[in-house]
Amino acid sequence: MHDDGALVEKRIDRFVRERLRPAVHRASVPLRVGAGIPEAVAEGYRLNLPLCSVTGVRAARVDPLIEVDHPAVVVEAVKLAEDRSGDLIVRLSETHGSRVRARVIRHFAATDVTETDLLERPLAAPRAPFAADGSALTLELPALLPALLPAVRALTGSHAPNEFDGDFG
C-alpha cells in the first residue's frame with residue numbers, strides 16, 4: 001500500500017490556484033472634512049439616492065408634490081397607499097437629532113390629512129401633532145426615531161374599492 005498524501009496535496013494546491021483566486025473588491029467611501037450632522041445626512045442621501053435624469057420631457061422644470069421648510073426634516077417617501085385607494089402617503093423623518101416644528105406644503109388636491117403608522121393604518125393618538133391650514137401642514141416631529149417615521153395620508157377623494165375589505169369611500 002502506498003501513501004497518496006503528496007498527490008492529494010498537489011491536487012488541492014492546483015484546485016486552489018485555478019479556481020479560488022483571490023477576488024478584488026473595491027469600495028467608494030466619501031470623506032467630508034469638517035462635516036456636521038446636517039452635511040453628513042445630505043451626503044448620505046446624495047450617495048444612496050442620486051439624481052435621476054429623464055429624457056424626452058418637454059417641461060424645463062417639474063414642480064414638487066411636497067415641500068418642507070426645515071432642513072432637518074427629510075421626505076423619506078411619497079407613494080400611493082398600499083390599499084389602492086388613490087390616497088398619497090408622505091413619510092417624513094427628523095434627521096438632526098432634535099424635536100422640530102416644520103411646515104409641509106403640498107402641491108396637489110386633498111380632502112383630509114391623517115397620520116398613519118408604517119402599515120398605513122390611521123393612528124388613534126398622533127405621535128407628531130399637526131395643524132392643517134389650506135395646502136400647508138405644520139407638524140412637530142420627534143427626534144431621530146426611525147421606527148416611528150410619521151406617515152401622513154392625504155385623502156385625495158378618488159377612493160377606489162379595496163379588493164380585500166370593501167369600499168374605503
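These numbers were taken from a predicted model, which means no experiment stands behind them.
Under the side-chain contact (heavy atoms from CB on, under 4.5 Å) criterion, Leu51 pairs with no residue at all, not counting sequence neighbours. Residues passing the side-chain contact (heavy atoms from CB on, under 4.5 Å) test with Arg99, sequence neighbours excluded: Pro129, Glu140, Pro142. Annotation: side chain to side chain donor-acceptor pair (under 3.5 Å) contacts of Asn48 (sequence neighbours excluded): none. Scored by the side-chain contact (heavy atoms from CB on, under 4.5 Å) test, Ile37 finds Val41, His96 as partners (sequence neighbours excluded).
Leu123 belongs to no hydrophobic cluster, as no Ile, Leu, Val, Met, Phe, Trp or Tyr side chain comes under 4.5 Å of its own.
Put simply, the side chain of Glu94 gets close to the backbone of Gly97: a donor and an acceptor are under 3.5 Å apart. Remark: side-chain polar atoms of Ser85 are paired, donor with acceptor, to backbone N or O of Asp87 under 3.5 angstrom.
Arg32 CZ to Arg46 CZ: the interatomic distance, rounded to the nearest 0.5 Å, is 8.5 Å. Note that the CZ atom of Arg121 and the OG1 atom of Thr114 stand 14.5 Å from one another [nearest 0.5 Å]. Separation of atoms OG (Ser135) and CZ (Arg106) is listed at 5.5 Å; rounding is to 0.5 Å. Here CG of Leu137 is found 10.5 Å from CD1 of Ile105. Values are rounded to the nearest 0.5 Å. Note that the CG atom of Leu80 and the CG atom of Asp83 stand 10.0 Å from one another [nearest 0.5 Å].
Val113 has its side chain within reach of Phe130: a pair of non-hydrogen atoms, C-beta onward, lies under 4.5 Å apart.
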Identify each donor-acceptor pair in which a side-chain atom of residues 66-74 lies under 3.5 Å from a protein atom, sequence neighbours left out, and give them as a table.
from, atom 1, to, atom 2, distance (Å)
Glu67, OE2, His107, NE2, 2.4
Asp69, OD1, Arg103, N, 2.8
His70, ND1, Ala72, N, 3.1

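Looking at Arg91 and Glu120, a side-chain N of the basic residue comes within less than 4.0 Å of a carboxylate O on the acidic one, giving a salt bridge.
In Asp133, the CG atom is not crowded: 12 or fewer heavy atoms of neighbouring residues, nucleotides or ligands sit closer than 6.0 Å.
Taken together through direct or relayed side-chain contacts under 4.5 Å among Ile, Leu, Val, Met, Phe, Trp and Tyr, Tyr45 and Leu141 form parts of separate hydrophobic clusters.
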